Amino acid sequence: MTDEERLAKNDRIREQGRLTREKRKSQICRVYRVKIDISHLNEAQKLQLKMIFVEAKWLYNDALTFIRDHEINDYDTTTQTVHGLDKDRQTVTHELEYISSQRDSQLFKA
């Protein structure tokens, strides 16, 4: 790579960084709190809510285990399987069925 190519590449990287910083200036972090009246839910919806909570814990623990040896930015957030430990400290693989970064939730359409 010649000096001219290297400088051109550095300029492209610098420009992309500038565009990213500009884009992030207009982004707003929001947190939504909701209350759910479980007396109005059917059994399937109650099960789905429970499993979303359980799978979120599995995903969180899998990420904590991952960052022991890696950078958190290297974690694959699109994974459909997570690894955990059972009550006997044996490794168990769980399939994520209720939460996903790629699929629409059908939670309240039942």
Side-chain angles (χ1 to χ4, degrees):
M1 178 180 282
T2 66
D3 283 343
E4 192 173 297
E5 290 171 333
R6 184 179 50 80
L7 291 174
K9 180 180 176 184
N10 288 345
D11 286 340
R12 286 193 310 272
I13 292 170
R14 188 176 302 111
E15 179 63 19
Q16 283 300 315
R18 188 188 64 73
L19 292 173
T20 300
R21 286 188 295 282
E22 281 298 315
K23 177 181 72 171
R24 290 181 181 168
K25 284 181 184 178
S26 65
Q27 293 177 341
I28 299 171
C29 180
R30 293 192 172 110
V31 176
Y32 296 95
R33 292 177 158 255
V34 296
K35 282 188 173 181
I36 299 172
D37 186 356
I38 61 169
S39 66
H40 290 86
L41 301 179
N42 62 36
E43 292 303 314
Q45 290 169 329
K46 290 177 187 178
L47 175 67
Q48 287 176 327
L49 281 175
K50 176 186 173 203
M51 290 309 298
I52 287 170
F53 178 75
V54 169
E55 288 185 2
K57 287 195 311 186
W58 291 344
L59 187 62
Y60 178 77
N61 289 335
D62 188 56
L64 286 178
T65 303
F66 180 82
I67 63 173
R68 287 184 191 160
D69 301 323
H70 305 88
E71 288 292 320
I72 188 66
N73 293 334
D74 296 334
Y75 186 72
D76 179 18
T77 57
T78 62
T79 185
Q80 293 298 312
T81 59
V82 292
H83 305 286
L85 299 175
D86 64 6
K87 65 179 182 162
D88 299 321
R89 311 277 302 158
Q90 302 297 319
T91 302
V92 179
T93 301
H94 300 284
E95 291 288 327
L96 298 179
E97 299 173 21
Y98 292 89
I99 61 173
S100 171
S101 62
Q102 300 298 313
R103 294 180 298 198
D104 283 340
S105 173
Q106 298 296 317
L107 180 61
F108 293 105
K109 295 182 182 178

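Nothing here was measured: the structure is a model prediction, and the numbers come from that model.
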Worksheet item: Rounded to the nearest 0.5 Å, what separation is found between the CG atom of Asp74 and the CG atom of Asp69?
Response: 12.0 Å
Discussion item. Within the supplied structure, the quantity of interest is the number of heavy atoms (other residues, nucleotides, ligands) at a distance under 6.0 Å from Arg24 CZ; does it exceed 12?
Written reply: no
Fill in: Closest heavy-atom pair and its distance - Lys9, Met1
CD-CE, 4.1 Å
Worksheet item: Just how far is it from atom CD1 of Ile72 to atom OG1 of Thr77, taken to the nearest 0.5 Å?
Response: 10.0 Å
Practice prompt. Would you mind listing every side chain to side chain donor-acceptor pair (under 3.5 Å) that reaches into residues 13-22, with sequence neighbours excluded?
Written response: Asp11-Arg14, Glu15-Arg18, Glu22-Lys25
Worksheet item: Measuring from Leu41:CG to Ile36:CD1, what's the distance to the nearest 0.5 Å?
Response: 6.5 Å
Discussion item. Can you confirm whether more than 12 heavy atoms, excluding those of Gln27, are under 6.0 Å from its CD atom?
Written reply: yes
Worksheet item: Is Lys46 atom NZ crowded by more than 12 heavy atoms from other residues, nucleotides or ligands, each under 6.0 Å away?
Response: yes
Worksheet entry | Nearest heavy-atom neighbours spanning Ile67 and Leu64 | CG1-O, 3.3 Å
Practice prompt. For the pair Asp86 (side chain) and Asp88 (backbone), establish whether a donor and an acceptor sit closer than 3.5 Å, ignoring hydrogens and angles.
Written response: yes
Practice prompt. With rounding to the nearest 0.5 Å, note down the distance linking OG1 in Thr65 to CG in Leu85.
Written response: 7.0 Å
Worksheet, complete the sentence: When rounded to the nearest 0.5 Å, the distance separating CG of Leu7 from OG1 of Thr2 is 8.5 Å
Fill in: Side-chain heavy-atom pair Asp62, Tyr75 within 4.5 angstrom cut-off
yes
Please tabulate, one pair per line, all N/O donor-acceptor pairs under 3.5 Å involving side-chain atoms of residues 52-61, not counting sequence neighbours.
residue, atom, partner, partner atom, Å
Glu55, OE1, Glu97, N, 3.3
Glu55, OE1, Tyr98, N, 2.8
Glu55, OE1, Ile99, N, 3.0
Glu55, OE2, Glu97, N, 3.0
Glu55, OE2, Tyr98, N, 3.4
Asn61, ND2, Lys57, O, 3.3

Practice prompt. Flag yes if more than 12 heavy atoms outside Ile38 fall under 6.0 Å of its CD1 atom; otherwise flag no.
Written response: no
